[in-house]
Chemist: 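My questions all concern the structure below.
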Amino acid sequence: MRENPDGVPGRVETAPRSARRWLWPFGRGVVAAAVAVVIALNADHTGAFTAWTFAAWGIVTGVLIGGWAIRGVEDTMTRFYLGVVAGVTLLAGVMAPFWAAASPEPTARLIMVWAFVAGAVETLAALRMEAGEAMRSDHLIAGVLGLLLGLAESGAGQSVWGAGLLGFYLALVGVQQMIAGFGLRDERDRDDAGQRSEEAHG
């Protein structure tokens, strides 16, 4: 580990970020968009469908967020916050198929709790990042959308709206994260072009 060269108090950085780190948020976006399409095309929004859909999305997304935290983030505390988001998302996904048997509450309640916790932690992670830092605004948007999903799911109850609200949230996050991934890729390409130019003139 090494101290942040900018000398920002409380920020400790680790190894350099992966050159392909853009694939992690892009993958998160693709998975969210794909599940949103599945929900939109399926009219049978039962509790079981909602549970299994959320489970599949949560497990894959938890892994992707964890990969981003490890390979794409340098600051130790930001990595910790995003690791919590990854862990909570993965845990909620694993719990979802067994929720109906273990609790009298509908799956929407599990989604609501996950959305509030993950949304709040991702928002905190974004707020502690420096202004202008890559993915800061994207984490902030995703975190706030999560909090809004929690509010919406709190009123869904036993209705079929639980899956529909999840699908709407995933559609928004999917597009936003894919755009964020492309932005990171373009940033990497510009940095590479600048480095090649410096070497050519050096």
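Both backbone and side-chain heavy atoms feed into the values below; hydrogens, waters and symmetry mates do not.
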Chemist: Look only at the side chain of Ser154 and the backbone of Leu151, and say whether a donor-acceptor pair between them is shorter than 3.5 Å.
Modeler: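 Yes: the side chain of Ser154 pairs with the backbone of Leu151.
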
Chemist: Taking C-beta and beyond as the side chain, do Met77 and Arg128 meet within less than 4.5 Å on heavy atoms?
Modeler: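 Yes; the side chains approach each other to less than 4.5 Å.
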
Chemist: Quick one: CE on Met135 to CG on Leu82, what's the gap to the nearest 0.5 Å?
Modeler: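 Between atom CE of Met135 and atom CG of Leu82 there are 8.5 Å.
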
Chemist: Count I, L, V, M, F, W, Y as connected when their side-chain heavy atoms are under 4.5 Å apart, and connections chain through other members. Are Leu147 and Val121 then in the same cluster?
Modeler: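 Yes; tracing contacts between hydrophobic side chains, which count when under 4.5 Å, links both residues.
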
Chemist: Glu153 and side chain to side chain contact (heavy atoms under 4.5 Å, CB included): which single residue from Leu110, Val113, Ile111, Thr107 fits?
Modeler: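 When side chain to side chain contact (heavy atoms under 4.5 Å, CB included) is applied between Glu153 and each of Leu110, Val113, Ile111, Thr107, only Ile111 qualifies.
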
Chemist: Using the side-chain contact (heavy atoms from CB on, under 4.5 Å) rule, take Glu105 and Trp99 through it: C-alpha gap first, then chi angles, then the decisive distance, then the call.
Modeler: CA-CA 8 Å; Glu105 296 293 332; Trp99 183 259; 4.2 Å; yes

Chemist: Same cluster or not: are Val63 and Ile70 linked, directly or through other Ile, Leu, Val, Met, Phe, Trp or Tyr residues, by side-chain heavy atoms under 4.5 angstrom apart?
Modeler: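 Different clusters: Val63 never reaches Ile70 through Ile, Leu, Val, Met, Phe, Trp or Tyr contacts under 4.5 Å.
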
Chemist: Under a 4.5 Å side-chain heavy-atom rule over Ile, Leu, Val, Met, Phe, Trp and Tyr, are Val37 and Val173 clustered together?
Modeler: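 Different clusters.
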
Chemist: How many angstroms lie between atom CD of Glu133 and atom CG of Asp138, to the nearest 0.5 angstrom?
Modeler: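 Output value for this atom pair is 11.5 Å.
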
Chemist: Considering non-hydrogen atoms only, spot the tightest contact between Ala55 and Ala96 and give its length.
Modeler: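 Taking every non-hydrogen atom into account, CB-CB, 3.9 Å.
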
Chemist: Would Ile39 and Phe49 count as a side-chain contact (heavy atoms from CB on, under 4.5 Å) if you check the C-alpha gap in whole Å, the side-chain angles of each, and the deciding distance to 0.1 Å?
Modeler: CA-CA 9 Å; Ile39 294 174; Phe49 171 79; 4.2 Å; yes

Chemist: Indicate, with yes or no, if Trp52 and Val35 share a hydrophobic cluster defined by side-chain heavy-atom contacts under 4.5 Å among Ile, Leu, Val, Met, Phe, Trp and Tyr.
Modeler: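 No.
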
Chemist: Quick check for you: to the nearest 0.5 Å, what is the distance between Phe54 atom CZ and Met95 atom CE?
Modeler: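 Rounded to the nearest 0.5 Å, the CZ-CE separation comes to 9.5 Å.
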
Chemist: Which atom names give the shortest non-hydrogen contact between Asn42 and Asp44, and what distance separates them?
Modeler: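 Minimum heavy-atom separation between Asn42 and Asp44: OD1-N, 2.7 Å.
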
Chemist: So does Glu122 pair up with Arg136, basic N to acidic O under 4.0 Å?
Modeler: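 Salt bridge: no.
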
Chemist: Hey, mind stepping through Leu145 and Leu149 against side-chain contact (heavy atoms from CB on, under 4.5 Å) and telling me if it holds?
Modeler: CA-CA 6 Å; Leu145 286 174; Leu149 174 65; over 6 Å; no

Chemist: Do other residues, nucleotides or ligands put more than 12 heavy atoms under 6.0 Å from the CZ atom of Phe168?
Modeler: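 Atom CZ in Phe168 is not crowded, with 12 or fewer foreign heavy atoms closer than 6.0 Å.
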
Chemist: Hey, does Thr76 have a side-chain heavy atom less than 4.5 Å from the side chain of Arg79?
Modeler: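 Arg79 does not reach Thr76 side chain to side chain.
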
Chemist: Run the ring-ring contact (aromatic ring centres under 6.0 Å, His included) check on Trp114 and Trp57 step by step: do they pass?
Modeler: CA-CA 13 Å; Trp114 163 81; Trp57 169 82; 5.1 Å; yes

Chemist: Is the shortest side-chain heavy-atom distance between Pro25 and Leu184 below 4.5 Å?
Modeler: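 They are in side-chain contact.
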
Chemist: Tell me whether Leu140 shares a hydrophobic cluster with Leu124, the cluster being built from Ile, Leu, Val, Met, Phe, Trp, Tyr side chains joined at under 4.5 Å.
Modeler: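 Not linked; separate clusters.
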
Chemist: Looking only at non-hydrogen atoms, find the nearest pair between Ala142 and Gln176 and report the distance.
Modeler: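 Between these two residues, the closest heavy atoms are CB-OE1, 3.9 Å.
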
Chemist: Is the ring pair Trp22/Phe26 parallel, tilted or perpendicular, if the boundaries are 30 and 60 degrees?
Modeler: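 Trp22 and Phe26: tilted rings.
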
Chemist: Return the minimal non-hydrogen interatomic distance between Val85 and Ala118, and the atom names on each side.
Modeler: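 Closest pair (atom of Val85, atom of Ala118, distance): CG2-O, 3.9 Å.
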
Chemist: Which atom pair, heavy atoms only, marks the closest approach of Gly93 to Ile59?
Modeler: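 Between these two residues, the closest heavy atoms are C-CG1, 4.0 Å.
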
Chemist: Taking side chain to side chain donor-acceptor pair (under 3.5 Å) as the test, write out the residues that go with Gln177, two or more places apart.
Modeler: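 If we apply the side chain to side chain donor-acceptor pair (under 3.5 Å) test to Gln177, skipping adjacent residues, there are no hits.
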
Chemist: In Å and rounded to the nearest 0.5 Å, what is the CH2 to CZ distance from Trp68 to Arg21?
Modeler: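 One gets 4.5 Å once the value is rounded to the nearest 0.5 Å.
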
Chemist: Between Ala86 and Gly62, what is the shortest heavy-atom contact and its length?
Modeler: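 Ala86 and Gly62 have their closest heavy atoms at CB-O, 3.3 Å.
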
Chemist: In the structure I gave you, are the side-chain heavy atoms of Glu130 and Asp75 within less than 4.5 Å of one another anywhere?
Modeler: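 No; the side chains remain at least 4.5 Å from each other.
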
Chemist: How long is the gap from OG1 on Thr50 to NE2 on His45, to the nearest 0.5 Å?
Modeler: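 If I round to the nearest 0.5 Å, the distance is 7.0 Å.
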
